[in-house]
Amino acid sequence: MMDRAALRLILLGVFLISASSQEPVKKKQNVYIYSFYINSTVTSRYATTVITSRVANTVNESQEIQFEVKIPKNAFISKFRMTIEGTIYDGVVKEKQEAQQQYSRAVSRGESAGLIKSVGRTLEDFKTSVTVAAFSKVTFELTYEELLKRRLGKYELLINTQPMQPVADFKIDIHIQEKPGISFLEVKGDLSTGDLANAIKTTRADKDAWVTFYPTRDQQTKCKSCGENGLNGDLLITYDVDRSNQKGEVMVSNGYFVHFFAPSDVPRIPKNVVFIIDRSGSMNGRKIHQTRLALLKILGDLDEDDHFGLITFDSEIKTWKNELLKATEENLEIAKSFVKMISDRGATDINAAVLAGVDMINRHPREGTASILILLTDGDPTSGEINKERIMANVKEAIGLKFPLYCLGFGYDVNFDFLTQMSLENAGLARRIYEDSDADLQLQGFYDEVAVPLLSDIQLKYTGGTNLTKTSFSLYFNGSEIVVSGQITDNSVESFTSEVIAVSKGNNVTYQETVMPIDPSDVLPENEDFMPRLWAYLTVKQILERQVLLKGQEKEDEKEEALKLSLKYQFVTSLTSMVVTKPQEDEVEVADKPKEGGEEPRPVPGYSRFSPRYGLRGLPGLRGQPGPPGPHSRRRLSGGQGLRRLPLPLPVPHLDHPGIHDSSHMQISSYAPMPTFLEEVAEEESVLPAMIVPRVGINRFLLPAAGQSKPLCFDIPAPQKLRLLQDSASEFSMNGQFMTGRQGFVQIAFHYKTNHHLTINTSSIRYEDGQNHLEFLWDQEPTQHHTEGVSLILQRNEMDVTMGSIRVVILLHKEKGEVFLWPAVRQQPKDVSLRAILGKAEASYEEVQGSQTPTLKIMDQEVKASLEDVTDYTLPSTPVIRCWLVPFQAVMQGDISDFTVTQL
């Protein structure tokens, strides 16, 4: 267990930072995360996620900082970079044996080897650490890639965040781009509830969706699962694509293709399912109880034309009935009574149990049905035939590839490699059931995935295609998806065709699909090579999965192919390792992909996870020794017209360091090494790729519409001084000014209660509250000010303003030589429509069918509309959105003069 002197910061996509100290850890932090971004781009289900964390050492001595990132188990890390005072240290992916040599050399010097470990059900930890000099900063950038898998009719992109510190500049940006269109999208998880829901913005277009999560420091501490240590929870984005073309989609780009096949307009196939349940002594207690609960629910979900059987086993085999029975109401009730009586006892005869299940299906063949065997066990075979090789040979011979075997391994004691190989040899898969309070739900969830077979014996053929991924599948289940990728011979798209041959309820069916070339302009520049990377990812995944089935030269050849692709695309897989060389005398760390079900990593000889001197989970040779101080140069800022400027950033209130004070006590004389250092911190550029899209429209406002994919939009003529927001109940107002021939706003003013006034223009920001008179500059360092229900956070072209229950972010845009402001309402009183331009949270409309020109029904009034493009300036990435352009009066139910003011 980590010593309490360690300081931890966990962020998902996500970094854990531990800073060494000779003193017990206090709430005052000597490590300051001044920005943290997660940027995830999903193109045709292929997700590339970039995590960037910028950190500063705020004390006058060197500190060791440890970082830990959590990534999905199915993902491959493809890049890791540290930038320390302008010097870049890149992780390099090498063949595992070569990396092992560097690992051994590091161990012989008493150094450590970095490890990736499995954590929980779906995540892995990547760890490294680095010594950061006094008043110095470090940037960490990690990229990982994964192909999202469709389950139960949807794709899931999971982002978990658990910083142990609120972060002023915290952003999650997600862009999903799907050529067929996006049929639905939901944002769920802990971080989408309560007050944090107001920090989430979803923008939809036909083929694109953007999700942003920009919580304020205050919101990061007040959500349901948050506290003074900041955010703690998940953001889960679920979506599916439009499936109007039931044949599937074949997309082509850069000489590669990907075929997504997921028809739903075919009748379900009645199934024959046999459940083989381990009831040996090791299943006692909660395991057997949860198994009973899951089986009772599963039996209740069987369709009447399904047939089923139940087999329990320990050292003896017990069948509920000797034959498959139809899932009638009467049979199901009797079966449930049998399930309720299942109890643990005896040893584990897996061989005899599975063969009994195979025999039950073989003795009762039914035309036009699909058969499935589901084995649930929690341990090794200990009775009857216990040689695993012979068990696998017996089962393979008995099944003869006539139907799949799914093996569910309960808990960590089970031999998961054995179950994986046995299931793969019989066209199935293995799934671990985690021994937890929801194990019964895990069992039900797996069954739901295979509950509705639609096609069997699926063969996919491609004329003009080569280097194909897997093209043969035993069953296709409703809500899932078959994905095949490959290269196009000689890049000849004209001669490339696809064909799918399958069996549907006893009848042969054929699907032929036309090819959809992807226009390069539709793909973000930073993701333009996603198609070959998708192909490489899927190829490597499938080769590694079937390695357990291959032998001899064929196994070596495939392994060599997977290694070659892993090295080419810099994937960290089970065949490769990432070598990170750090600044301290070429110290080396090696990161390996963990094995599912493998043992916990053992400590490296000569390496302790605890540093006795500092009580820190650190690395020997990297302890926080005092180092040279950072730059101390002072910067003189002039005041103006009685206003006091704030030249100093306010990164963490009450930092225990001379010259750093809480914002409410900041003095003009408080020049010190730390503030000057953080001024330089703010100058560092973001490395996140920008979303490059054409920008159109001027002074056009967007209004989301409930239940509709396309928002409404309306134009406002300039020049105008506009009432943007007004809430009389909280004495709040926000007004803005346009100028003739200018894009956006040139000035925006806030008023709160009687004494708080904030004026923002394109060069500076002025705030007064009767006592304080402050001025900020757009190009200065990140700065904060908090007082009496008012929070102001300035950070890189954004001014985050919270007054009472209303939060607005003012974005400074620079476009085509113009500089302008644009407001984005992030939070306002719920269920209140404020009488102002931005006062409506959303609108509602219906498309009028049968009209010769596009017509919408808004508030019982039919209005003419046209589909137009609008640039969404409420997002830093300024995406272009397709919207219904309607007259201002139709949306706002009033004339423009009703929303103008004479003074800001």
Side-chain angles (χ1 to χ4, degrees), residues 74 76 93-101 103-104 350-351 354-355 358 373 375 380-381 385-407 409 414-432 457-462 465-475 482-487 489 535-577 592-599:
N74 282 328
F76 291 153
V93 176
K94 298 184 177 183
E95 192 270 331
K96 188 176 286 292
Q97 185 173 357
E98 181 182 352
Q100 183 68 26
Q101 294 172 355
Y103 170 97
S104 299
I350 291 177
N351 181 72
V354 176
L355 293 181
V358 175
L373 272 180
L375 167 67
D380 278 349
E385 178 60 75
I386 61 173
N387 183 290
K388 298 182 185 67
E389 293 295 331
R390 283 198 288 269
I391 293 173
M392 287 189 290
N394 293 340
V395 171
K396 184 177 181 180
E397 181 181 3
I399 292 178
L401 292 178
K402 295 188 293 290
F403 43 81
L405 167 65
Y406 296 100
C407 297
V414 70
N415 188 323
F416 199 69
D417 282 349
F418 164 58
L419 296 182
T420 298
Q421 183 169 349
M422 188 162 62
S423 59
L424 289 175
E425 283 185 338
N426 294 285
L429 58 84
R431 178 78 59 84
R432 186 183 295 282
D457 300 323
I458 306 107
Q459 305 292 326
L460 298 98
K461 300 181 179 181
Y462 303 92
T466 186
N467 292 328
L468 305 174
T469 58
K470 182 179 177 181
T471 58
S472 178
F473 301 85
S474 60
L475 286 172
I482 290 174
V483 183
V484 179
S485 186
Q487 294 176 268
T489 307
W535 167 78
Y537 172 95
L538 195 55
T539 299
V540 171
K541 276 281 185 185
Q542 292 180 356
I543 288 177
L544 295 179
E545 284 174 359
R546 63 175 177 260
Q547 277 285 292
V548 296
L549 306 179
L550 302 177
K551 294 179 181 178
Q553 192 59 44
E554 183 182 11
K555 182 171 185 172
E556 291 305 312
D557 290 345
E558 290 218 354
K559 183 178 178 181
E560 185 64 30
E561 175 65 18
L563 174 60
K564 186 171 75 172
L565 290 175
S566 298
L567 293 174
K568 178 179 179 179
Y569 292 96
Q570 290 287 283
F571 290 151
V572 178
T573 69
S574 60
L575 303 177
T576 57
S577 300
D592 293 320
K593 182 80 171 173
K595 182 179 180 181
E596 171 61 31
E599 295 180 5

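Annotation for Lys96 and Ser574: closest pair CE-O, 2.8 Å, computed over non-hydrogen atoms. Among all heavy-atom pairs drawn from Ala427 and Ser474, the shortest one is O-OG, 3.5 Å. Minimum heavy-atom separation, Ala430 to Ser423: N-OG, 3.3 Å. Smallest separation of non-hydrogen atoms from Ile543 and Glu558: CG2-O, 3.4 Å. Residues Ile458 and Leu475 approach most closely at CD1-C, 3.5 Å, considering heavy atoms. Between Lys593 and Val572, the shortest heavy-atom distance links the atoms CD-O, 3.8 Å.
Using modelled atom types, one finds a donor on one side chain and an acceptor on the other under 3.5 Å when comparing Ser566 with Thr573.
Residue Lys461 holds its NZ atom at 12.5 Å from CG of Leu468, rounded to the nearest 0.5 Å. Atom CZ in Phe403 sits 8.5 Å away from atom CG in Asn426 (nearest 0.5 Å).
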Test Glu556 against Lys559 for salt bridge (charged side-chain N to carboxylate O under 4.0 Å, His left out), laying out the working first. CA-CA 5 Å; Glu556 291 305 312; Lys559 183 178 178 181; 5.1 Å; no
Set out, in order, the CA-CA distance, both residues' side-chain angles and the distance that settles side chain to side chain contact (heavy atoms under 4.5 Å, CB included) for Tyr406 and Leu429, then state yes or no. CA-CA 5 Å; Tyr406 296 100; Leu429 58 84; 3.8 Å; yes
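In this structure, Lys396 contributes its side chain and Ala393 its backbone to no donor-acceptor pair below 3.5 Å.
Below 30°, between 30° and 60°, or above 60°: for Tyr537 and Phe76 the angle between ring planes is between 30° and 60°, a tilted geometry.
Paired with Phe416 under the rule side chain to side chain contact (heavy atoms under 4.5 Å, CB included), one option of Arg431, Arg432, Gln421 passes, and it is Arg432.
Residues Trp535 and Thr469 are in side-chain contact: their nearest non-hydrogen atoms beyond the backbone lie under 4.5 Å apart.
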